[in-house]
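Proteins get letters first, then strands, A, B, ... in listed order; numbering begins at 1 in each. Hydrogens, waters and symmetry mates play no part in the numbers below; they use all other heavy atoms, side chains included.
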Amino acid sequence: MKTESARAHIRGLLEQALAAAQAQNKLPPLASTDVTVEYAPPEKADYASNLALRLSRAVRMPPMQVAEVIVAALPESPYLAEVTAAPPGFINFHLDETWLARQVGEVIAQGAAYGNCDVGGSTALQVEFCSANPTGPLTIGSGRNIVLGDTLARVLEAANYAVQREYYVNDVGGQMDIFARTLLARYQQLHGIDAHVPPDGYAGEYMVELAGQIKQESGDALLHVPEDEALQKLHERGLALMLDSIREDCALLGAQFDEWVAQSWLEDEGRVQAAIDTLRERGRVAEREGATWLVSSDLEEDKDNVLVRSNGEPTYFAADIAYHDYKLERGYTSLIDVWGADHHGHVPRVKASLAALGHDPEQLTILLYQLVRVLRGGEEVRMSKRTGDVVTVREVVDEVGVDASRYFLVARSPDTAMSFDLDLAQEQSDENPVYYIQYAHARTASILERAVREGMAPGDADLALLQHPAELTLLRLMIRLPELVEDVALQHTPHRLAFYAQELAALFHAFYRDCRVIDPENAALSQARLQLVQAAKLVFARCLGLMGMSAPDRM
RNA sequence: GCGCCUGUAGCUCAGUGGACAGAGCAUCGGUCUUCGGAACCGAGAGUCGGGGGUUCGAAUCCCUCCAGGCGUACCA
């Protein structure tokens with residue numbers, strides 16, 4: 001049995017009041033109105049609704065009057081101490097502080113599940129993220145992709161979606177051919193042959209290491225087979241090794257995938273051809289200039305796109321259509337793709353292709369994130385994928401640790417082209433918000449341990465004793481966690497977790513300053529405060545957990 | 001040219017059309033220093049890129065201009 005969040009409860013009250021006011025002819029009949037509740041400025045109230053302001057015009061009444069009618073029609077609620085109409089027409093809700101204090105017990109009762117909500121209703125949802133080409137180690141940009149995708153997946157799980165995490169492997173096509181040719185050149189070089197990396201090849205040092213590993217495994221065998229066969233073998237083995245390394249990089253960042261789907265598999269299964277056939281049956285395909293095109297200019301896409309090249313090879317785009325079709329075929333009713341902004345031009349194409357297959361494009365949400373710059377010593381680090389001159393996930397995690405890596409990569413809105421400051425991230429001081437937040441959690445642990453040492457194990461407490469402003473302010477934010485989870489799940493804004501955690505830590509430190517928890521002179525109050533500290537510890541741990549960060553008891 | 005993202009305090013960034021624009025860092029000045037000082041309090045600091053418009057109300061929506069980033073392949 002889960003209690004409703006305060007915000008959801010107030011929303012319900014307003015809906016009831018609206019219906020009641022209309023039934024009593026205090027308001028004219030209205031078409032269905034969506035009721036929104038937001039956070040009020042702290043000095044005004046806890047929650048507020050602009051319902052009356054929005055209704056004013058439709059009901060032909062001044063906003064304040066509408067607000068008063070609604071306030072009068074509101075049912076009684078144990079959550080609330082007072083509801084008032086405030087100029088120019090807000091409805092302000094003040095929480096009942098006794099109710100609020102009792103929520104400490106609610107948090108503790110829910111334990112590690114505190115923060116969950118049910119906007120998902122068990123919907124089967126897939127998050128596809130990272131999906132970087134297996135032609136090199138993961139860069140910090142992919143790191144942002146992983147952290148956004150995985151954090152979002154964690155939050156969606158908390159919001160009761162049945163979440164599946166997937167990685168799409170682009171293991172065929174021109175990039176992989178170049179990868180294999182580069183590998184061959186490196187392999188030959190290691191055998192003293194004067195070979196050259198192709199001009200468009202992957203010049204990074206990791207290709208030498210990869211070739212070295214293959215040399216160790218198979219000696220010079222690949223020098224004595226036809227080049228086609230050598231390339232085939234190098235493609236296969238190089239891909240496998242690269243994927244192992246990518247899997248490790250993901251694990252370093254605390255992300256794991258449920259499934260890896262390969263483009264080659266889709267092709268082998270005939271799914272790409274089947275998708276093209278379906279499109280053709282639906283009259284969406286045209287042959288022109290020797291190629292096969294998807295006609296999508298009437299589907300919110302500004303131009304047609306090639307499905308099969310004039311050389312008979314299907315494009316990446318054709319495979320991607322089959323892939324998204326396959327996602328929906330497996331029963332995921334909601335799809336999220338996390339893409340770097342350099343792929344944004346691809347969005348209308350994929351959406352149009354879903355429509356062309358007869359699917360609802362709304363089922364697919366594409367979360368775009370802007371590029372990541374890296375600062376070291378205050379200077380921007382130049383990156384080039386072609387020369388292999390990149391900052392990798394592995395370097396960053398080695399340098400600053402997984403917690404700081406995840407924090408900084410998640411703490412910015414995906415729309416912001418962020419800078420990752422390596423020096424700040426490994427700074428172990430008050431300049432670093434990672435430590436600020438984790439320190440607050442460690443402090444809760446330390447207080448609870450000390451209480452046990454002093455023979456004050458937390459037990460039954462009269463929570464109504466929690467009346468100090470610092471206690472109640474902290475609690476007000478704590479009870480917003482389920483509301484935050486709901487917002488992040490619906491709006492795909494994982495960075496808000498970071499801001500929440502920071503604010504919660506600030507309030508906890510303020511509480512710590514103002515309220516002595518362990519006080520033998522006042523055992524009853526101490527017990528109540530210990531409960532509050534225990535509840536706060538749970539909220540910190542949950543919030544950090546949703547961000548994929550650890551919640552250490554000691555630092 | 002066209003499309004997407006961005007432009008908010010010295011810096012890095014929050015800010016679901018609402019109530020006087022916020023935080024962290026930096027700067028300056030303080031606190032207490034017996035539950036962890038990796039803490040707390042205070043101060044200064046903003047024409048929300050410019051200009052129009054919509055609205056009872058705009059950082060937020062629309063138009064336009066300026067600046068930066070990213071796209072605009074029979075690459076992936």
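Pairs of Watson-Crick or G-U wobble type, with distances under 3.5 Å, assemble into runs of 3 or more in RNA chain B at these ranges: B:1-7 with B:66-72, B:10-13 with B:22-25, B:27-31 with B:39-43, B:49-53 with B:61-65.
Taking atom CZ on A/R412 and atom P on B/U8, their separation rounds to 14 Å, with Å as the unit.
Evaluation of the side-chain contact (heavy atoms from CB on, under 4.5 Å) rule for A/Q534 yields A/I108, A/L448, A/P458, A/Q531 as partners, not counting sequence neighbours. With sequence neighbours left out, the ring pair (Phe, Tyr, Trp, His ring centres under 6.0 Å) criterion links A/H346 to A/Y316, A/F317, A/W339. Residues satisfying the ring pair (Phe, Tyr, Trp, His ring centres under 6.0 Å) criterion with A/F129, sequence neighbours excluded, are A/F257. Residues forming a side-chain contact (heavy atoms from CB on, under 4.5 Å) with A/P552 (at least two apart in sequence, or on another chain): A/Q438, A/S550, A/M555. With sequence neighbours excluded, the residues forming a ring pair (Phe, Tyr, Trp, His ring centres under 6.0 Å) with A/Y168 are A/Y323, listed by chain and number.
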Nucleotide-resolved protein contact map, nucleotides 68-76 of chain B, B/S/- at heavy-atom distance under 4.0 Å: -SBS--BBB
Strictly under 4.0 angstrom, non-hydrogen atoms only: write out the protein contact profile of nucleotides 55-61 of chain B, one letter per nucleotide from the 5' end, B, S or -. SB-----
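RNA chain B lies under 4.0 Å from at least one heavy atom of each of the following residues of residues 495-513 of chain A: A/H495, A/F499, A/Q502, A/H509, A/Y512, A/R513. Across residues 438-450 of chain A, A/Y439, A/A442, A/R443, A/S446, A/R450 each have a non-hydrogen atom less than 4.0 Å from an atom of RNA chain B (numbered order).
A cation-pi arrangement is absent between A/R480 and A/Y500 under the rule of less than 6.0 angstrom and at most 45 degrees off the ring axis.
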Would you mind writing out the side-chain donor-acceptor pairs for residues 414-421 of chain A within the sub-3.5 Å range, not counting sequence neighbours?
unit_1: A/D421; atom_1: OD1; unit_2: A/D423; atom_2: N; d: 3.0
unit_1: A/D421; atom_1: OD1; unit_2: A/L424; atom_2: N; d: 3.1

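Sorted by first and then second residue, the pairs that involve residues 494-508 of chain A and meet salt bridge (Lys or Arg N to Asp or Glu O under 4.0 Å), not counting sequence neighbours, are A/D487-A/R496.
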